[in-house]
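Following: one structure in structure tokens, then a few remarks.
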Amino acid sequence: MNTPAGSYADERLRATLVVRNIGQLVTVAQRPIADAMGRLGVIERGALAAADGTILWVGRADGLDAAVDTAGAANVDAGGQVVTPGLVDSHTHLIFAGDRAAEFHLRHQGVSYADLLAQGYGILATVRATRQADAATLHELGRARLLAMRAHGTTTVEAKTGYGLDRRTEDTCLRVMAELSREPGLPRVVPTFLGAHAVPLEYRDRRDAYIEAIIEEMLPAFVGRARFCDVFCEAGAFTVDESRRILARAKDLGYRLKLHANQLGPSGGAALAAEMGAISADHLDHASDAELEALRAAGVVGTLLPGCSFALRLPYPSARRLRAHGLTVALASDFNPGTSYSENLQIMLALALSAMEMTLDEALAAVTINGARALALADEVGSLEPGKRCDAVIWRMRDYREFGYHFGVNLVERVIIGGMLV
Ligand SMILES: [Zn+2]
């Protein structure tokens, strides 16, 4: 017997949470769902049921009671507003101490990056502050940032190390991420090891020795504790050959791969991401047509980070270009203290609409299902479909076309994480 996806009418499911009175349920469903319309799978007058953190059923509200036993379930009234999947921020540098506000304003006054480095600013300033902070401090800082992200609708957060750059501090940062990920009600944290973020000061004149330390000490030590290995492949950071050595070792050890590629110039990182079979290549401001073609052929997600263009006063990358090459495009915050200090994906969506030639449907997919694809988690999060984790946002709007149009304020009404209203 064929059971249409999303309506299991033969046997009623028992829900522990029901969201009723949804004006527009934007499912972003990847499989056909009854009554869902358009690429985003919008259901007018919808409802959603979950049990034990997993979505049981989505559909039109008038079909709920026939499909789902809701006696004893917690009821949430969405007030006729919009509900979407929880947002997926697939690129952040969550754990660090200190701030670089002074650097931000000096840069805007025209001080060059070389002069800023000479004055002690840049990534290594954050490394200094992070090494000096204890684990409890890093935990509290990370927790506050996750709460800010959650308040803006984000329920899954990729988090990179890379402000320790020694085994002890990188280890501490991964431990803090694991602790935060276990705390109920916080966004899920997906850890990435980014030891190759910069060459630390103590290795300044022997960068090969630092790469050896990554390959021989850190990568083996962190197996199973970081889902991804990432490298900052850029002039002034790591070359293509250095990045390849690190990523090859990581791949052998079972890490999945990401790459900071072609942000500030044609670094060759995008071609390397395709060659190595990375899950995502991030930035891509200066990727060539041939590189974009290689990324598409290799199934690599292209992740765009407009917060950097905003903070660095650089041209925005064109999403239309990536789309023309057939790439799957994700949008992320790149939350970090130097070049994109924002926890708010709603702003990134608005920038994508105004400055990056993205349509609303593309941008919403880019902060939900495509963010999940950039984390190899599309089976678990990024859309509202039976079997997926119940991460959802109730938005203060009756028409989802308010995204990007109503900007600069937080439009979140309530957030549901793992079937829990938080
Ligand atoms: Zn980054």
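Atoms within a ligand are numbered from 1 in the order they appear, just like the ligands themselves. Treat the numbers as computed from the prediction; the structure is a model and nothing was measured.
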Where at least one partner belongs to residues 409-422, residue pairs that pass side chain to side chain donor-acceptor pair (under 3.5 Å), sequence neighbours excluded
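Counting only pairs at least two positions apart or across chains, the side chain to side chain donor-acceptor pair (under 3.5 Å) contacts touching residues 409-422 are Gln346-Asn410, Arg396-Glu413.
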
Counting backbone and side-chain atoms alike, does His283 have an N/O/S atom under 2.8 Å from the Zn ion (ligand 1)?
no

Between Arg60 and Glu44, is there a salt bridge with N-O shorter than 4.0 Å?
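Result for this pair is no, no salt bridge flagged.
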
Are Glu357 and Arg321 ion-paired here, with the side-chain N under 4.0 Å from a carboxylate O?
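A salt bridge is absent here (no side-chain N lies under 4.0 Å from a carboxylate O).
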
If you look at His91, which of its N/O/S atoms is nearest to the Zn ion (ligand 1)?
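For His91, the N, O or S atom at the smallest distance from the Zn ion (ligand 1) is NE2.
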
N/O/S atom name from Asp334 that is nearest to the position of the Zn ion (ligand 1):
OD1

Work out the angle at the Zn ion (ligand 1) between NE2 of His93 and NE2 of His260, rounded to 10°.
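Approximately 100° at the metal, rounded to tens of degrees.
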
Given side chain to side chain contact (heavy atoms under 4.5 Å, CB included), test Met356 with Met348 step by step and report yes or no.
CA-CA 10 Å; Met356 294 163 64; Met348 306 309 155; over 6 Å; no

